[in-house]
K.L.:
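There's a structure below that I have some questions on.
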Amino acid sequence: AQTVTQSQPEMSVQEAETVTLSCTYDTSESDYYLFWYKQPPSRQMILVIRQEAYKQQNATENRFSVNFQKAAKSFSLKISDSQLGDAAMYFCAYRLCAGNNRKLIWGLGTSLAVNP
Amino acid sequence: DVKVTQSSRYLVKRTGEKVFLECVQDMDHENMFWYRQDPGLGLRLIYFSYDVKMKEKGDIPEGYSVSREKKERFSLILESASTNQTSMYLCASSSWTAVVSPLHFGNGTRLTVT
């Protein structure tokens, strides 16, 4: 079965500290793309970071980085120097590369609070 | 930047009404999607479309239909609205030609069926 598990429904972090959100997934395929999306209270979902499964190097985008462990099927998101604007729901997702697959498989999300 | 526009931010309808949710994207994307988002259930795919007049069922298509007459517009139709369709509806689009194409989302429509 194709699934994504985000084991932490809620997390909190102090401003300026670092937090890691966990994500594990299950697929028998070897080629896929992984994504983290952020949904702030204003509701528009935006892409935070993406990773191609064939790349060993972990993706980074400014204060956001991932720890991609393909064998363990783990794709955690690290937020460094947390800011108040990072408070949001974070969703992990993946999409297979094979065929005409256009569907994303989503986790249920982690709600992140940032404390001043 | 890609812009995905959903016609209504909030909508209140009565049970049994026919409801149209409209979505327009301005980046010539091939793929368009309708999701509903409910607390504790995450995002669930209702329908998607990969070309004009083409559509495919997602995970929860029952009670919904869609229309894509033009590439930039994807409409979600609730034929006879019911209270269990009260939810947040998110439209998204993506390019098929981009190597790693993420989804671009609209602001969402909060639909309440009374």
Side-chain angles (χ1 to χ4, degrees), chain A residues 1-10 21 23 25 31-55 57 59 61 64 66 68 75 77 88-111, chain B residues 1-6 8-10 23 25 27 29-51 54-61 68 74 87-111:
Chain A
Q2 296 176 345
T3 59
V4 175
T5 301
Q6 294 181 246
S7 59
Q8 307 144 317
E10 296 179 346
L21 310 184
C23 172
Y25 56 93
D31 292 328
Y32 44 88
Y33 304 126
L34 294 150
F35 305 90
W36 277 99
Y37 285 87
K38 169 186 177 181
Q39 188 180 37
S42 64
R43 295 182 305 177
Q44 186 172 29
M45 189 93 72
I46 57 173
L47 178 71
V48 175
I49 199 165
R50 55 189 161 186
Q51 171 90 39
E52 294 95 318
Y54 64 85
K55 289 187 176 179
Q57 187 173 5
E61 287 286 343
F64 298 87
V66 298
F68 174 45
F75 184 60
L77 175 70
M89 183 73 80
Y90 287 83
F91 292 94
C92 177
Y94 77 88
R95 176 170 71 82
L96 300 179
C97 302
N100 293 321
N101 200 302
R102 291 162 170 81
K103 289 173 58 174
L104 267 74
I105 310 301
W106 294 86
L108 295 184
T110 296
S111 179
Chain B
D1 277 354
V2 176
K3 190 165 185 183
V4 179
T5 303
Q6 294 183 231
S8 303
R9 189 104 174 183
Y10 299 94
C23 176
Q25 50 95 4
M27 281 301 291
H29 282 173
E30 297 83 5
N31 305 319
M32 295 189 75
F33 304 81
W34 276 107
Y35 288 92
R36 66 176 281 176
Q37 183 178 20
D38 300 287
L41 298 179
L43 276 75
R44 293 181 291 168
L45 182 64
I46 305 171
Y47 267 97
F48 67 100
S49 169
Y50 52 89
D51 201 353
M54 303 303 289
K55 60 184 179 184
E56 285 198 24
K57 293 180 180 179
D59 301 315
I60 52 163
R68 194 165 181 202
F74 192 37
S87 185
M88 172 69 74
Y89 290 87
L90 299 178
C91 176
S93 72
S94 70
S95 169
W96 188 239
T97 54
V99 174
V100 185
S101 177
L103 292 180
H104 299 267
F105 284 86
N107 279 327
T109 296
R110 170 74 67 186
L111 173 67

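Here is how names work: the chains are called A, B, and so on, in the same order as the sequence lines, proteins then strands, and each is numbered from 1.
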K.L.:
Less than 4.5 Å apart, side chain to side chain, heavy atoms only: is that true for B/V4 and A/Q44?
P.N.:
no
K.L.:
Identify the heavy atoms of B/G42 and A/L108 that sit nearest to each other, and give their distance.
P.N.:
N-CD2, 3.7 Å
K.L.:
So what's closer than 4.5 Å to chain B heavy atoms on A/Q6: side chain, backbone, both or neither?
P.N.:
neither
K.L.:
Looking at side-chain heavy atoms only, is the closest gap between B/L43 and A/Y37 below 4.5 Å?
P.N.:
no
K.L.:
Name the region of B/N31, side chain, backbone, both or neither, that has any atom closer than 4.5 Å to a heavy atom of chain A.
P.N.:
side chain
K.L.:
Rounded at 0.5 Å granularity, tell me how far CG in A/L47 sits from OG in B/S94.
P.N.:
12.0 Å
K.L.:
Where does B/R110 contact chain A at under 4.5 Å (heavy atoms): side chain, backbone, both or neither?
P.N.:
both
K.L.:
Answer with side chain, backbone, both or neither: which region of B/Q37 has an atom nearer than 4.5 Å to a non-hydrogen atom of chain A?
P.N.:
side chain
K.L.:
Name the region of B/L103, side chain, backbone, both or neither, that has any atom closer than 4.5 Å to a heavy atom of chain A.
P.N.:
both
